[in-house]
Amino acid sequence: MSLISILVPAYNEEENVRACYQRIAAVLDGLPGDEAEIIFTDNHSTDRTFAILSEIAAEDPRLRVFRFSRNVGYQNSVMYAYKAARGDCAIQLDADLQDPPELIPQMLDLWRQGNQVVYGIRKKLPDGPVIAALRRGFYWFIDRISPDDLPRNVGEFRLTDRVILDQIRKSGDRSPYMRGMISAMGFSQVGFDYDRAARTAGESKFPLKAMISLAVDGMVNHSLVPLRLASTVSLFAGLITFLVLLGYLVGKLLFGQEWPPGFATLAILLLMSMTLNAMFLGILGEYIGRIFMQTKNLNAPIVEATLNVEADVTEPAAAIRFPMAR
């Protein structure tokens, strides 16, 4: 008999959380040989998400809920859920039901075959052609620049073994990129194809701006290529400048060339230099900013309220507890 943890991050999903719970519960009821817990992390929803979860938790002790005192971002919310999981394995899916809970038995079968990580590979995306192309382009790009083996077209729908969960609990990353973190751990990992469904109700809480922010986290967390690019381009620009200077000197000293006043040339070179400096200082700033967040422990989730949680038993590592939690 195994204990299975189902992890569901939620933010303003009042139209979906009950249906999400019902479909998960129906699948778990069909697994009589296993026990289960369902963990919802409420990222400080401003609608009735937490109220609905409270109603469900009063009826089903398997449902455990952590509500944060503020919105800590999707990735931090997910990481907290992984740290709170008590199961022999944990399965993450989204509250909007784009990742079908009915695939949980298939994931468990692959896990019992000896795979520590089982992830869903998106064959079809419900997004428009532009967003879908951007997603696939990002998956290709991050896989190319990262030394880690990051599977392409893979999102957050995955199963992780207890050995992975124990490693996640040790992490204090304040700007995590969970899919990359788990992939980089190694062990035995296997994927399966599935078609990602459209949202059952409500609007996406992950707009283009959030996707870009996630892409930056992925690149910065799993590659030094941006820093190396800065060094390479700087050396190339320095070489071009040296060759131009050498050409001016050869023309002046050997051929007596009288060069006209070069205001335009100087202005262009100056602007190019300022642009390169600003761009690469920005890249350095991304890395330094993450170091700052780590040292200050910024973005650590603060638990405002809990449901069906024994505080002194299930407290995840590197989390802050709020006195009013219940």
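- Side-chain contact check for Tyr82 versus Ile182: some heavy-atom pair is nearer than 4.5 Å.
- Val72 and Ser77 get closest at one heavy-atom pair: CG2-N, 4.0 Å.
- For the pair Pro101/Ile91, no side-chain contact is recorded, criterion being any heavy-atom separation below 4.5 Å from C-beta on.
- In this structure, the side chain of Asp88 engages the main chain of Leu3 through a donor-acceptor pair within 3.5 Å.
- Separation of atoms CD (Gln92) and OG1 (Thr41) is listed at 8.5 Å; rounding is to 0.5 Å.
- Salt-bridge annotation for Asp166 and Arg162: present, with a side-chain N of the basic residue lying under 4.0 Å from a carboxylate O of the acidic one.
- Within the model, atoms NZ of Lys83 and CZ of Arg169 stand 8.0 Å from one another, a figure rounded to the nearest 0.5 Å.
- Note that OG1 of Thr160 is 10.0 Å distant from CD of Gln189, once rounded to the nearest 0.5 Å.
- Between Asp42 and Val17, every side-chain heavy-atom pair lies at or beyond the 4.5 Å cut-off.
- Within the model, atoms CZ of Phe187 and CD1 of Ile164 stand 5.0 Å from one another, a figure rounded to the nearest 0.5 Å.
- Checking side-chain atoms of Asn71 against main-chain N and O of His44 turns up no donor-acceptor pair under 3.5 Å.
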Item to complete: Please step through side chain to side chain contact (heavy atoms under 4.5 Å, CB included) for the pair Val78 and Leu7, ending with a clear verdict.
Response: CA-CA 8 Å; Val78 168; Leu7 316 180; over 6 Å; no
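- The two residues Ala95 and Glu13 have their closest heavy-atom pair at CB-CG, 4.1 Å.
- Not one N or O on the side chain of Asp94 forms a donor-acceptor pair closer than 3.5 Å with the backbone of Asp96.
- Under the 4.5 Å side-chain criterion, counting only non-hydrogen atoms from C-beta, Val27 is not in contact with Ile6.
- Using a 4.5 Å heavy-atom threshold, the side chains of Tyr21 and Ile52 count as separate.
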Worksheet item: Going through the checks in order, is the side chain to side chain contact (heavy atoms under 4.5 Å, CB included) test met by Arg64 and Thr306?
Response: CA-CA 7 Å; Arg64 303 169 64 219; Thr306 62; over 6 Å; no
Worksheet item: Should Asn43 and Tyr80 be marked as a side chain to side chain donor-acceptor pair (under 3.5 Å) after you check the CA-CA gap, both sets of side-chain angles, and the distance that decides it?
Response: CA-CA 11 Å; Asn43 213 352; Tyr80 191 98; over 6 Å; no
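- No donor-acceptor pair closer than 3.5 Å links the side chain of Thr49 to the backbone N or O of Tyr11.
- Ion pairing between a basic and an acidic side chain is recognised when a charged N comes within 4.0 Å of a carboxylate O; Arg48 and Glu55 show such pairing.
- Contact check for Glu156 versus Tyr74: side-chain heavy atoms found under the 4.5 Å cut-off.
- Each of Cys20, Pro100, Pro9 was compared with Leu93 under the side-chain contact (heavy atoms from CB on, under 4.5 Å) criterion, and only Cys20 meets it.
- Residues passing the side chain to side chain contact (heavy atoms under 4.5 Å, CB included) test with Asp161 are Trp111, Gln116, Val163, sequence neighbours excluded.
- Nearest heavy atoms, Cys89 versus Leu159: SG-CD1, 3.9 Å.
- Rounding to the nearest 0.5 angstrom, the gap separating the CD1 atom in Ile104 from the CG atom in Asp99 is 10.0 Å.
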Discussion item. Working note: Asp29 + Arg62, criterion salt bridge (Lys or Arg N to Asp or Glu O under 4.0 Å); need CA distance, chi angles, decisive distance, verdict.
Written reply: CA-CA 12 Å; Asp29 291 341; Arg62 296 177 300 178; 3.4 Å; yes
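- Looking at heavy atoms from C-beta onward, Phe157 lies in side-chain contact with Met107 at the 4.5 angstrom threshold.
- With hydrogens and angles disregarded, no donor-acceptor distance shorter than 3.5 Å links the side chain of Gln167 to the backbone of Met185.
- When all heavy atoms are compared, the tightest approach of Ile4 to Leu31 is CD1-CD1, 4.2 Å.
- The minimum heavy-atom distance linking Ile39 with Ala81 is given by the pair CD1-O, 4.3 Å.
- Between Arg112 and Ser2, the shortest heavy-atom contact is NH2-OG, 3.9 Å.
- Once rounded to the nearest 0.5 Å, the distance linking CG of Leu108 with CD of Gln113 reads 11.0 Å.
- Remark: side-chain polar atoms of Asn115 are not paired, donor with acceptor, to backbone N or O of Val117 under 3.5 angstrom.
- Leu307 is not listed as a side-chain neighbour of Phe40, based on a closest heavy-atom distance of 4.5 Å or more.
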